[in-house]
Structure formats: C-alpha cells, structure tokens
Amino acid sequence: MKYLKLCFILLLLAWVSVVEAQTTKVRGKVVDAETGEPMPLVSIVFVGTTIGVTTDFDGNYDIETREEVSEIMASFVSYERQTVAIKKGAFNTIDFKLVPIVTHLDEVKVKPGDNPAHAILRNISKNKKKNNPAEKESYSYTTYTKMELDIANMKPEFKNKKLQKNFGFIFQYMDTSAITGKAYLPVMISEASADYYYRRSPKLSREIVKASRISGIEEDYSLAQFTGHLHVNVNLYDNYINIFEVNFASPLSEHGLMYYKYFLVDSVQKEGRKIYKIRFHPKGKSTPVFDGEVNIDSTTWALESARLRMAKGLNVNWIRDLAIENTNELINDSTWFLKQDKILADFTVQMKDSSKLISFMGHRQIDYSNVKVNEDIPTEIQKLDNDVIINKDVLQNDENYWQSVRPYELSEKEQNIYNMVDSIKNVPLYKNIYDIIQTALLGYYNTKYIGFGPYYKLMSFNKLEGCRFQLGVKTTSDFSKHVRLTGYGAYSTKDGEFKGGGTVEYIFNNQPTSKFTISGRHDVLQLGASENAFTTGNILSSIFSRGNNDKLTLINSFDVRYETYLWQGFSNYFTL
C-alpha cells in the first residue's frame, strides 16, 4: 500500500510544469566574440573558490554549488578573462563571448612529442593498486545518502481546472537542473544514514542502516532497506563502470586510449597540492562512453575528483542523460578515499503518441565520513549474520537527528518536498481519488481502523453453493502495529449454509520476521488446488476457472503457527 501511495502521487504530479530555482546553479555556453565559434576547454570558476569546470567540445558548461558565491569567471589562454555577477541560490544562464588578445610573436617551431596527458595516465596506471579503494584490505565509513525523484519535460499547460484548483500550490516547488537545463518538479526525497564495513579476505560486507525516511511514505521497512542500500559502485579505477546494466568505458581504464582523446588543460593548487586537470573526449560511440574531466593529484597520482556525462548521441535503452560527479579526499598523508559521489539519471517513459514523453530525473548523492582504512573490523560486526542490518528504530528519528547526521543543510526547496507531499495527501480530491484506486487495486475499502472487502468476493457462484455472498473485514496499521485481525462471513443460497473464518496475528518483529498466528475456518475449498489458483468465492473463479468448479469439500480447520528466522536465508514455520 505504501508503494501504491507513492505511485499515485507521482502520477498526480505528472500533470504540471513551471520554472523556478534552488541552490546556485549556472549553465551556459562560451564562444569566440569575433567568430562566434564554440570554445572548448575554457576554464569556468566560481570567483573566490576552487570550484570549477571546463567547457566541453561544443563550448557548453554547467556548474553548481551550495557555497555562498556571487560571481563566475571564464578564462582561456590568449583571451581576456570575463567575470559576471550571478544570482545566489538561483538558476542562472550565463553565456560568455571571450575577446581574443592580439599579440605579435616571432616565428615559433613546434616539434611533435608525447601528449603530457598520456604520461599522467601511465603514472595513474602504475599506482592503481595503491590508490584503488577496492584493493584495500579493509575499510569502514559512515554514509549519508540522499535521493530525489523529479518529473520533467512536461508541457506548461495545466488545463484541468479541477486539478489546478486543488493542486495549484505545487507550482512553488519547481526547480531547474543545471546539467540538463530542464525545469522539473521534485516529487520524492529520501534520506538514509548507515555504517558500512568491508574486508577483502576473508570476504566480508556489512551495512547497518541506522535511519531512513521517505517523503510521503510512512513506516515501511522494505523501503528503509531500499534507500539505505544504494551504493552503486562507481569506481573509476575499474576498466568498465556498470550503471543500469550498461558497461561504460572508464576514462581511467587500462585501455582508455582506445576510447578517448585526452587533453591536459590546466594545473591548479588545492590545499597546497598540485592537481592536474585532464579533459577527455570520446573517439567514437560504438561502446558506451563518457565525456568530461578528471583531476589527478601530482604527488600520489590518485584521483582527486571527476565529472562525467554520457556522450551525446548514445542510444542506451531508456536513459536520456547520465551524469556522475566523484570527489575524493586525503585521509592521511598518502591515502585517498571517497568523500562524495553523485549520480543524475534522466530516463523517459514513452506514451502512445511518440511526441509525448514523460521524463523522470533521479538524483542520488552519497557523502562519506568517519573513514577508516586497513583497521580491524569490530568483532560484534563480524558476528552479524546478514549483509544488511536494519536498526529497529530506523524509522523513529526526528528532525534534530537528521540535522546532526547531514553533512550540509537541506535547501529550502528540499525541505519543502516533505511538506508538499503531506499537503497533497490532505487535499479532499486526492483522498477521494486515492480511496477509489486503493479499493480497486487492493480490494478493500479502508476506514481509519477497519477495511471492508474484498469487493471481488462480495458475490460469486458455483454448482455446490449456488449464489454465494461474502463480506470480510480486516484491521489497518492505524489499529495496531503488532496485532492484525481478519475475518469474513459468507452465505450460499443452494445449500443454505453459513460459512466463515478469521485470523489473529501478532507480530513480534518486522526485521527479521517473527510472528505468531491463530486461524480458523468453516468453509468449502477444492482440495489439492494450487495456492496460486483462484480462491473460493472469487467472482473471477466463477467466470474464468476451467472445467467444473463443483469439486468442493466442506472443511473445518484450526491452525496455530509460529514463524521466525533462525539465521540468514533460513525461514522456519512451527505449525499445529
């Protein structure tokens, strides 16, 4: 039911599109002021910071930050620098027209030589074993994971007056992507905090999800596990990076020269260390490839940071756009490890009319802290018998807790996603439509504490019972988190029998499952029928069952069952 609620909110919000902004985002193009030609490899920097990128081979760039910035600068050799004021905490479109500096030089002779970027790549390859996190004997860290799902590529018309009247307030939550330039509506945000432990040999992998929450979704431990375990392995030291079941050639691959052209475009000083900036561009598109830049530490030849974007024109299933940002930090004098990992994916659902596309954007960001490398894994962690452990109070954390574990403050718009989804759920029209859809899909009409149904069993027929009428009830999660009660009564016209049954279920634990059940029934059923077959009293079984449905037996049953997990992967039932 939690998934149904989220899906319904997504479908409802897919009607709208407007443009607004969030953190400081800048997107634009750089051209030669005299010729109008696009300028690749131009340095774009937020003034007063070391946050910068270079333009791609079409002269385009995008950059964003949560820091306080007010100006952006473009610079290139033999061109005048340009600085432009930007609006803080907003989306900006800034196009630069750089003016060339006219200088008269004596004759210069250029001799062929080794590409300096290739020499750096060879050093990266020689030091991979030392710098690759996957080669460490052990490590542990704490993660804060934030995910966001957005609806984009929607036409601005909002013609349905009824929907506009009830849900017009969601316009204020629109934002714009610096990477794609698209306006989008955030419809879901999730946060998770976890501890992760890894040992290479003997193999050990443990993740302990400490806290999780999703906008619009109440208690659901399966979703808590889903949001906590989103460590997509984007390791640029690997030859290939698998994302969405697609293998992209890594720019740091041992065979990188087969796929990319490399350009050493700059060297900068960061915290007293010299960092080389290398721009790479795909040679072809027969293999899924990226376009972007990597920054390499000149002392250790380790990856300091990277920005990658799926090459234009690639046909990769339903993915329209894919961008990756990777930042590492020096945790001691010689060891670099992950600090932040970002992924943006733009994927599309095509409607019957191919001109109408609903585009969804997914953002995932993981921040790493408390990193420890080559230290012993605590004994209590080694004794855990599951790779993913969900704390019992994973869903019971207040806003003060989240503020303490976030490495940064959520922007106002990110915070408001929670408020927006809650506001939508309180609109009477939403409640009415949701009740109808919930009843149709789940079979029960729910009040606060009790659900009535299922509707497909209200009336049926068979040769033994004639016309059969049935009504059932069940308790909802608001009635109790531990006790579930279900029951039904039925009457059939041909045999004049009253039938019925009920269940009392007490849940000790959700993770791992541990529950006690008592059930009883006085009813007819077809002995030996598969559990997946239509059940007795289902109107569909009356209409679609093959053969005669008169082989029914009146039974009286009483069942006591205890279900638990003794250890990972072993489910146990004790039944009387």
Side-chain angles (χ1 to χ4, degrees), residues 30 37-45 50-63 74-79 110-132 179 234-243 246-270 273-314 322-328 336 341:
V30 181
E37 291 292 323
M39 294 182 59
L41 311 180
V42 176
S43 177
I44 307 293
V45 180
T50 58
I51 303 170
V53 297
T54 56
T55 57
D56 63 19
F57 279 75
D58 296 318
N60 298 313
Y61 74 92
D62 62 82
I63 186 172
S75 62
F76 194 68
V77 177
S78 298
Y79 283 80
V110 179
K111 296 181 179 180
D114 187 23
N115 184 335
H118 293 178
I120 295 174
L121 290 172
R122 287 193 292 271
N123 282 318
I124 295 173
S125 181
K126 291 177 183 178
N127 290 272
K128 265 190 181 183
K129 188 174 180 63
K130 180 181 69 174
N131 293 322
N132 188 351
I179 296 176
V234 181
N235 188 348
L236 296 183
Y237 289 108
D238 291 339
N239 289 331
Y240 295 92
I241 303 170
N242 186 283
I243 303 178
V246 178
N247 283 321
F248 288 84
S250 171
L252 301 186
S253 167
E254 297 292 337
H255 317 292
L257 294 177
M258 294 174 55
Y259 305 108
Y260 298 105
K261 298 177 182 178
Y262 296 89
F263 306 87
L264 177 60
V265 296
D266 201 357
S267 63
V268 297
Q269 291 289 329
K270 287 187 179 181
R273 303 184 72 90
K274 186 177 182 179
I275 305 295
Y276 293 119
K277 185 181 292 290
I278 298 177
R279 184 85 198 185
F280 58 90
H281 186 67
K283 289 182 175 180
K285 299 173 184 176
S286 58
T287 298
V289 286
F290 294 107
D291 194 350
E293 61 189 35
V294 292
N295 296 302
I296 306 299
D297 179 57
S298 62
T299 302
T300 60
W301 307 106
L303 178 68
E304 189 268 342
S305 61
R307 284 170 53 94
L308 300 80
R309 189 170 181 181
M310 187 173 74
K312 294 180 180 179
L314 279 182
L322 177 65
I324 297 172
E325 289 189 33
N326 181 285
T327 304
N328 299 284
W336 290 82
D341 190 20

Does a side-chain N-to-carboxylate-O contact under 4.0 Å join [X] and [Y]?
X    : Y    : answer
R307 : D62  : yes
D238 : K128 : no
D58  : K312 : yes

Determine whether a donor-acceptor pair (N or O, by modelled atom type, separation under 3.5 Å) exists between the side chain of [X] and the backbone of [Y].
X    : Y    : value
N127 : K130 : no
T55  : I44  : no
Y260 : R279 : no
N235 : Y237 : yes
S43  : S75  : no

Within a strict 4.5 Å, meaning less than it, do heavy atoms of the [X] and [Y] side chains meet?
X    : Y    : value
L303 : W336 : no
I241 : L236 : yes
E325 : D341 : no
T50  : I275 : no
V30  : Y61  : yes
F280 : L308 : yes
K277 : I296 : no
N242 : F248 : no

Approximate separation, where rounding is to 0.5 Å, of [X] [atom1] and [Y] [atom2]:
X    : Y    : atom1 : atom2 : value
L41  : D266 : CG    : CG    : 10.5 Å
T287 : N247 : OG1   : CG    : 10.0 Å
I124 : D297 : CD1   : CG    : 10.5 Å
W301 : T299 : CH2   : OG1   : 8.5 Å

Compare every heavy atom of G52 with every heavy atom of E293, then report the nearest pair and how far apart it is.
OE2-O, 3.9 Å
What's the shortest heavy-atom distance between P38 and G59, and which atoms?
CB-N, 4.1 Å
Check against side chain to side chain contact (heavy atoms under 4.5 Å, CB included), Y276 and V294
CA-CA 8 Å; Y276 293 119; V294 292; over 6 Å; no
Once you measure the plane-to-plane angle for F57 and F263, does it fall in the parallel (<30°), tilted (30-60°) or perpendicular (>60°) bin?
tilted
Relative to each other, are the rings of H118 and Y262 parallel, tilted or perpendicular (30° and 60° limits)?
perpendicular
Could you go through the salt bridge (Lys or Arg N to Asp or Glu O under 4.0 Å) check for R273 and E304 one step at a time?
CA-CA 11 Å; R273 303 184 72 90; E304 189 268 342; over 6 Å; no
Just by distance, no angles: are the side chains of N326 and N328 close enough, under 3.5 Å, to form a donor-acceptor pair?
yes
Distance only, no hydrogens: is a donor on one side chain within 3.5 Å (strictly under) of an acceptor on the other, for N239 and S250?
no
For K270, does the NZ atom sit with more than 12 other heavy atoms under 6.0 Å from it, leaving out its own atoms?
yes
According to salt bridge (Lys or Arg N to Asp or Glu O under 4.0 Å), who are the partners of K283, at least two apart in sequence or on a separate chain?
none
